[in-house]
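Treat the numbers as computed from the prediction; the structure is a model and nothing was measured.
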Amino acid sequence: TSEELLYFQRSEKMKELISRLEQIYNCPVIMLNQSIIDYSGNVFHFPKSQPIGIPEILWLIRHATVIATSSFHGTAFSANLGRPFYSLIEKDNQADDRISSFLHKIGVSSQIVTMNSNVQKIISCEYDTDKVQQSLNSFREQSLRFLRNNLS
């Protein structure tokens with residue numbers, strides 16, 4: 001595993017979250033196509049001129065020490081690729097609840113950070129990859145069973 005923190009959104013709370021994770025893991029932050037103003041941490045920034053496609057993003061996620069994301073796809077890819085992560089959402093009961101719904105279904109709602117969360121309480125990313133993979137497999141089987149039953 002390479003020692004890096006990957007993130008996906010620009011906001012003050014994300015700045016606070018990646019700063020905390022950088023302190024815990026002592027690793028550089030990789031920023032994709034965006035930068036956080038006034039962020040003074042150890043950063044590797046991919047400029048907009050650098051072509052970053054899905055294969056590169058998946059490679060970065062697969063090799064990151066920890067991921068901080070605010071996107072559903074960043075969350076889903078992190079879980080599916082077995083990488084520790086935190087998902088930033090506005091609030092627990094927001095209108096677009098794909099992230100929180102997905103994380104509750106696979107049993108890792110502890111990886112949710114809201115705009116009101118105190119990120120200084122994060123000590124490390126307690127993440128059981130085997131448990132998450134088992135939950136994902138069970139969720140996949142339920143989904144396939146549902147599709148088979150309703151499409152036949």
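Under the 4.5 Å side-chain criterion, counting only non-hydrogen atoms from C-beta, Ile122 is in contact with Tyr86. Taking 4.5 Å as the limit, every side-chain heavy atom of Ser87 sits out of range of all side-chain heavy atoms of Gln111. Using a 4.5 Å heavy-atom threshold, the side chains of Thr75 and Arg98 count as separate. Residues Val108 and Phe85 meet the side-chain proximity criterion, which asks for heavy atoms closer than 4.5 Å. Inter-residue side-chain proximity for Leu17 and Leu21 is flagged as met; some heavy-atom pair is nearer than 4.5 Å. Contact annotation: the side chain of Gln133 never approaches that of Asp130 to less than 4.5 Å [non-hydrogen atoms, C-beta and beyond].
To the nearest 0.5 Å, atom OG1 of residue Thr65 and atom CZ of residue Arg83 are 7.0 Å apart. With rounding to the nearest 0.5 Å, the separation of CE in Met115 from CE in Met14 is 8.0 Å. Ile106 CD1 to Ser138 OG: the interatomic distance, rounded to the nearest 0.5 Å, is 11.5 Å. To the nearest 0.5 angstrom, Ile57 atom CD1 is 8.0 Å from Phe77 atom CZ. Distance check: Arg145 CZ to Leu147 CG gives 11.0 Å after rounding to the nearest 0.5 Å. Atoms OG and NZ, from Ser143 and Lys105 in turn, are 7.5 Å apart once rounded to the nearest 0.5 Å.
Ser117 places a side-chain N or O within donor-acceptor distance of the main-chain N or O of Thr114, the cut-off being under 3.5 Å. Side chain of Lys13 to main chain of Val113: no donor-acceptor pair is present (N/O by atom type, distance under 3.5 Å, no hydrogens or angles).
Closest of all the heavy-atom pairs between Ile61 and Ser78 is CG2-CA, 3.9 Å. Closest approach of Ala79 to Leu136, counting heavy atoms only: O-CD1, 3.5 Å. The shortest heavy-atom contact between Gly74 and Thr69 is CA-OG1, 3.6 Å. The shortest non-hydrogen separation linking Cys27 to Glu22 is O-CG, 3.2 Å.
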Can you check side-chain contact (heavy atoms from CB on, under 4.5 Å) on Leu144 and Glu141, steps first, answer last?
CA-CA 5 Å; Leu144 287 172; Glu141 288 184 25; 5.6 Å; no
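At most 12 heavy atoms of other shown residues, nucleotides or ligands fall within 6.0 angstrom of atom NE2 in His73. Around the CD1 atom of Ile123, the shell of radius 6.0 Å holds no more than 12 heavy atoms that belong to other residues, nucleotides or ligands. In Ile54, the CD1 atom is not crowded: 12 or fewer heavy atoms of neighbouring residues, nucleotides or ligands sit closer than 6.0 Å.
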